[in-house]
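First the proteins, then the strands, lettered A, B, ... as listed; each starts at 1.
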Amino acid sequence: MEVFWLLLSLSLLELSAALPGSHSTRRPTDPAPLQSQTQTMATGDLVPTHFPARRAAQVALHHLNTHHGSPFRVFGLQQVHTATAEDQVVGTAGRKYSLDFSVTDYGSSVCFRSMTNEGSVLRCSAEVLFPRTETHTHTPPEVHLRCEDLTHISSSPEELAFYQKHTAPHSAISAHDLPDSQGNISQDMQPFWHLARVAASFIMLRESSENTEYNMAQVANLTQQETSEKQLMLKYHVLLHDIVSQEIIHWKLLCSWSPEGGVSVLETEWLPKCPHDTGPPTAN
Amino acid sequence: MKGLLVLTALFVAVFGKVTFEGDQVLRITAKDAEQISLLKELPEQTLGLDFWMEPVHESLPVDVHVPFHSLQAVRAFLAYNQIQYNIMIENVQDLLDDEEREMVKSRAFPRSTDDFVYTTYHDLNSIYSFIDMLVAENSMVSKIVIGQSYESRPLNVLKFSTGANRPGLWIDTGIHSREWVTQASGIWFAKKIVTDYGRDPVLTDILNKYDIFLEIVTNPDGYAYTHSRDRMWRKTRKPNPGSSCVGVDPNRNWDAGFGGGGSSSNPCTETYRGPSAHSEPEVKAIVDFVKSHGNLKAFVSIHSYSQMLLYPYGYKSTPAKDQAELHALASKAISELQSLYNTSYRYGSIITTIYQASGGTIDWTYDQGIKYSYTFELRDTGRYGFILPANQIIPTAEETWLALMAIMEHTKNNPY
């Protein structure tokens, strides 16, 4: 345990050394900085509310969800506090973002009215590296992430009850259109929706670049799979939305979950929307 | 018998009730034949009792609707005779009110805009009906048909006006059809304007100097398609020659940096700019309207999602000439918005805040000289995205309205 804290404080120290701490952070009332060239990405201090910092933070969120998400725990970005970017040339070449941000867990909340006051807020910091490759194949980003209090998160009673109920012998859940066109989703189906979001995070993380910003738009359908292991195994068809291209991208995936094991994604398959589609939007 | 006389002495007859406020329905459990007899002897008419289940046999419950003014007497009677009962319905009027609300919701055709259900998403026909009802109910509202969509649907604009030859303020919602909370908010804004005129001093002053133009369904073909076939449809529905893919992104089709980075030349993509600027009738109609009006002073185009308030430019990184003022006004509008439900928005120019986008609406309107040109991205930030739950329509509309009022008020106070 002591070793953990030692390592944690060391890595935090390392982080603070990387950030130019004395530089004033931009506040919303300051005039927006004049970005002389936006085609090439900004370097140095980034405006936390602008898209370069936000996209990188979203990637860190996808990473966080793959590791700590569950049917009752899904993290969303609340705010980026500070962000910097630089070109990394040592080791993997690419663009490295250093971020300080807050996230909120909306997985166990049932309150819809106030989107900003629900769930607990965690403070996180991350480095996100978007590798630059010589070929035009896409390489997934690399994320190093630290959040306060993550170690204190454990399986809740509702999570365990859900797990018991749906790994019982005759459980055969299936559903479609979560939420429906009007945004409705029943209480019973919400954990399956959250689980889809977590599983989709594996795909969104892998597919992300500096030129994408992914969310999950909807679950088209889900079907529980039989398995001999004590796992909740589900086949999903999900719709992802990329804000930058505005495209809706269809993916099929097979995932499995247990409270101790977390979420794993066993298979993924991209579904083209037109016959002549060549591939999902990636870095250009 | 004596008990009964006491009872009637206690009671004052009430005739012709208009409300069931305070009435209760009691379920009485008689324990023997004697109690059943007693119940049968109750003076129904005098007390105004309505037996839902008559006293028949001690093995069967007796359900009776008791008017408010008879309650004390009836309960005294039951207590005196040691007859057991419980309260099945505590207040009959509440139940009727709930039922009325449900009926209004399921009624196919609301009779007025007061009947209209603002807490659900509506199809195109319902919205067109709403528009016509609003015009019929309010002399300050008229409908202008500025053109036709590709599939020949009317492009309806509501004009709110209290006098002639006024400068105008424009708001549009639903240019991207899948962004349902925007059309729903547009409906709410329309009702809000007519409700608040003459009541809210700021809005009244605005309307005494400016006309407000509101296009609720800016892309009706797309909207119909989101109901019939594909909830995620964004573009227009015009076919593209030589391609199996349909539709043009109406927010990349304007003559402002048309064809530049941040729009696509591929008809199969969501940001396809179209064959030429203003090629889409939905866009051309607004262009023609703006040019022929010639005196619009603010132009707000509403989208979802991301929770942002944006100003030009999207197509180039050169700051707008009025950037400082637009930024300061955005800041004010956003803090007004946030004051209601603590919803936090980001703001800035399009190109720095969200992405480069060429051929966008407000870049064109700004370059036409409409200084206060803004784009909103409403709730949320990705949790529900385009399929925002209907119970968020009104909170979203309410908070957005505060931001719109800030923009309109500033426009009014800073004529140019």
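- We find the NE2-CD1 distance between A:His50 and B:Ile351 to be 11.5 Å, quoted to the nearest 0.5 Å.
- When the heavy atoms of residues 217-228 of chain B are compared with those of chain A, none of the residues falls under 4.5 Å.
- How far OH of A:Tyr106 is from OH of B:Tyr384: 9.0 Å, rounded to the nearest 0.5 Å.
- Of the residues listed (B:Asn391, B:Thr120, B:Leu388), the one engaging A:Gln182 in a side-chain contact (heavy atoms from CB on, under 4.5 Å) is B:Thr120, and it is the only one.
- B:Ser264 does not touch chain A: none of its heavy atoms, backbone or side chain, sits under 4.5 Å away.
- By the 4.5 Å heavy-atom criterion applied to side chains, A:Ile248 and B:Glu270 are counted as neighbours.
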So A:Thr49 and B:Tyr347, side-chain contact (heavy atoms from CB on, under 4.5 Å) or not? Walk me through it. CA-CA 8 Å; A:Thr49 54; B:Tyr347 60 99; over 6 Å; no
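- For A:Leu195, the side-chain contact (heavy atoms from CB on, under 4.5 Å) test picks out A:Pro71, A:Leu232, A:Leu234, A:Tyr236, A:Cys255, A:Trp257, A:Val263, with sequence neighbours left out.
- Judged by distance alone, the side chain of A:Gln218 and the main-chain N or O of B:Ile387 form no donor-acceptor pair under 3.5 Å.
- Chain A forms more heavy-atom pairs under 4.5 Å with one residue of B:Ala390, B:Gly382, B:Gly385 than with any other, namely B:Gly382.
- At a cut-off of 3.5 Å, with distance as the only test, no side-chain donor of B:Ser344 or A:Gln79 sits close to an acceptor on the other residue.
- Rounded to the nearest 0.5 Å, atoms CD (A:Glu247) and CE (B:Met232) are 13.0 Å apart.
- If you tally non-hydrogen atom pairs under 4.5 Å between each of B:Thr271, B:Ile354, B:Thr269 and chain A, the highest count goes to B:Ile354.
- Applying the side-chain contact (heavy atoms from CB on, under 4.5 Å) criterion to B:Ser358, with sequence neighbours excluded, gives B:Ser263, B:Tyr315.
- A:Leu239 touches chain B through its side chain: at least one heavy atom from C-beta onward sits under 4.5 Å away, while N, CA, C and O do not.
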Run B:Arg178 and A:Gln246 through side-chain hydrogen bond (donor to acceptor under 3.5 Å, both in side chains) and show every step you take. CA-CA 11 Å; B:Arg178 62 190 179 196; A:Gln246 291 292 347; 3.1 Å; yes
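- With rounding to the nearest 0.5 Å, the separation of CZ in A:Phe51 from OG1 in B:Thr353 is 9.0 Å.
- For a residue to count as touching a neighbouring chain, one of its non-hydrogen atoms must lie under 4.5 Å from one of that chain's; by this rule A:Asp177 does not touch chain B.
- By the salt bridge (charged side-chain N to carboxylate O under 4.0 Å, His left out) test, B:Glu377 pairs with no residue at all, sequence neighbours left out.
- Side-chain atoms of B:Arg231 come within 3.5 Å of backbone atoms of A:Ser181 as a donor-acceptor pair (strictly under, hydrogens ignored).
- With 3.5 Å as the limit, one finds no donor-acceptor pair spanning the side chains of A:Asn211 and B:Tyr355.
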